Amino acid sequence: MANHSCAGFLSFFVLVPLLMVAVESGLEFHVGGSRGWIVPAGDEAESYNRWAMRNRFHVGDSVYFKYKNDSVLVVDREAYGDCNTTDPLLAFDDGNTTFRFDRYGYFFFISGTPGHCEAGQRLIVRVMVHPEFDAAGPGPAPGLQPGGGSGSSSGSDSDFGSSSGSDTGPKRSDAAHAHVGFWAIMPGLGVVMSAVLSV
């Protein structure tokens, strides 16, 4: 009987971290879709922001930028409005940039190439407060400490952006309820633990 209890505890400590990783991982959105991070043509000047408004971004999600001979700058609101590239919060020029959202609030992205931001190559992303956190009451105001960026490579789907995967996969607006908080799975863990410990 003691061996079964020991095995149950070991299973618990293996399963919980795996479940937490699955719960905390977010979606990856491809900015610009198959075209990537480029200067919009003609009447598409606000296309990046229209795309961002159609999606729901949460803490843990990321945006992926694919580009050539360009860059991605993370800036504050004022620099975004002025297309000011002189003092970015973060700068990336590797051609494959993944930026993960580590807080809720607004994130501002512009191209670092002269004239591109003014031509519409800029993006505002609003990262939503998860209902689980909203119910707990107001939290601290988000600071200007942007999430980490890193070079990465993967495919993309639609014209102005998509979530990672194929066109048949859920877009963020369809998958807004796919974010499951850790506390939502705790009752299930309790049932599993009861079953394991009773063996």
Side-chain angles (χ1 to χ4, degrees), residues 16-32 37 46-67 71-94 96-112 117 121-154 156 160-165 170-186:
V16 169
L18 290 175
L19 287 171
M20 289 178 70
V21 168
V23 167
E24 294 301 320
S25 63
L27 296 178
E28 181 176 79
F29 294 86
H30 295 245
V31 177
W37 178 241
E46 289 299 313
S47 295
Y48 290 116
N49 286 332
R50 281 197 303 257
W51 166 78
M53 287 189 302
R54 285 194 314 267
N55 290 287
R56 294 181 188 259
F57 301 90
H58 294 276
V59 173
D61 289 346
S62 60
V63 284
Y64 170 73
F65 295 86
K66 174 77 174 169
Y67 50 94
S71 62
V72 177
L73 304 181
V74 180
V75 297
D76 61 23
R77 183 183 305 265
E78 184 177 344
Y80 175 88
D82 296 339
C83 286
N84 183 345
T85 62
T86 59
D87 192 23
L89 301 171
L90 293 170
F92 305 98
D93 62 2
D94 63 355
N96 293 297
T97 300
T98 299
F99 182 90
R100 185 178 169 276
F101 301 114
D102 62 353
R103 62 170 175 81
Y104 65 89
Y106 290 92
F107 290 82
F108 303 91
F109 302 91
I110 64 174
S111 168
C117 177
Q121 192 177 358
R122 57 186 177 168
L123 169 68
I124 300 172
V125 172
R126 178 180 177 219
V127 177
M128 311 292 282
V129 174
H130 192 281
E132 194 172 286
F133 298 117
D134 194 29
L144 283 177
Q145 300 160 348
S150 64
S152 75
S153 172
S154 58
S156 57
F160 277 97
S162 63
S163 58
S164 187
K171 300 255 186 284
R172 174 47 115 186
S173 55
D174 297 334
H177 300 292
H179 277 275
V180 179
F182 175 73
W183 295 110
I185 63 169
M186 287 307 289

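By convention here, the first residue in the shown sequence is residue 1. In this text the structure is predicted, and so the values were computed from the model without any measurement.
Proximity of a side-chain donor or acceptor of Asp61 to a complementary backbone N or O of Leu27 within less than 3.5 Å is detected. Formation of a donor-acceptor pair under 3.5 Å by the Ser71 side chain with backbone atoms of Gly112 is found in this model. Side chain of Gln121 to backbone of Trp37: a donor-acceptor contact under 3.5 angstrom is found. Here the side chain of Asn84 pairs no donor or acceptor atom with the backbone of Tyr80 at under 3.5 angstrom.
A donor-acceptor contact closer than 3.5 angstrom is absent between the side chains of Tyr67 and Ser111.
A centroid separation of 6.0 Å or more is found between the aromatic rings of Phe29 and Tyr64. Aromatic ring centres of Phe99 and Phe109 lie closer together than 6.0 Å.
When every heavy atom of His58 is checked against every heavy atom of Val127, the shortest pair comes out as C-CG1, 3.5 Å. Nearest heavy-atom pair, Asp76 versus Leu89, reported as atom, atom and distance to 0.1 Å: N-CD1, 4.1 Å. Closest heavy-atom contact between Ala91 and Leu73: CB-CD2, 3.5 Å. The heavy-atom pair separating Leu123 from Val31 by the smallest distance is CD2-CG2, 3.9 Å.
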For the pair Phe92 and Phe65, evaluate side-chain contact (heavy atoms from CB on, under 4.5 Å) and give the outcome as yes or no after the intermediate values. CA-CA 10 Å; Phe92 305 98; Phe65 295 86; over 6 Å; no
Take Arg77 and Phe108, measure what side-chain contact (heavy atoms from CB on, under 4.5 Å) needs, and give me the verdict at the end. CA-CA 7 Å; Arg77 183 183 305 265; Phe108 303 91; 3.7 Å; yes
Please test Phe57 against Val125 for side-chain contact (heavy atoms from CB on, under 4.5 Å), starting from the C-alpha separation and ending with a verdict. CA-CA 8 Å; Phe57 301 90; Val125 172; 3.5 Å; yes
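Contact annotation: the side chain of Thr85 approaches that of Ile110 to within less than 4.5 Å [non-hydrogen atoms, C-beta and beyond].
In this structure, Arg122 fails the cation-pi test against Tyr48, since its NZ or CZ atom is not both closer than 6.0 Å to the six-membered ring centre and inside 45 degrees of the ring normal.
Taking CZ of Arg56 as the start and CZ of Arg126 as the end, the distance is 9.0 Å to the nearest 0.5 Å. One finds the CG atom of Asp94 at 9.5 Å from the NZ atom of Lys66 (value rounded to the nearest 0.5 Å).
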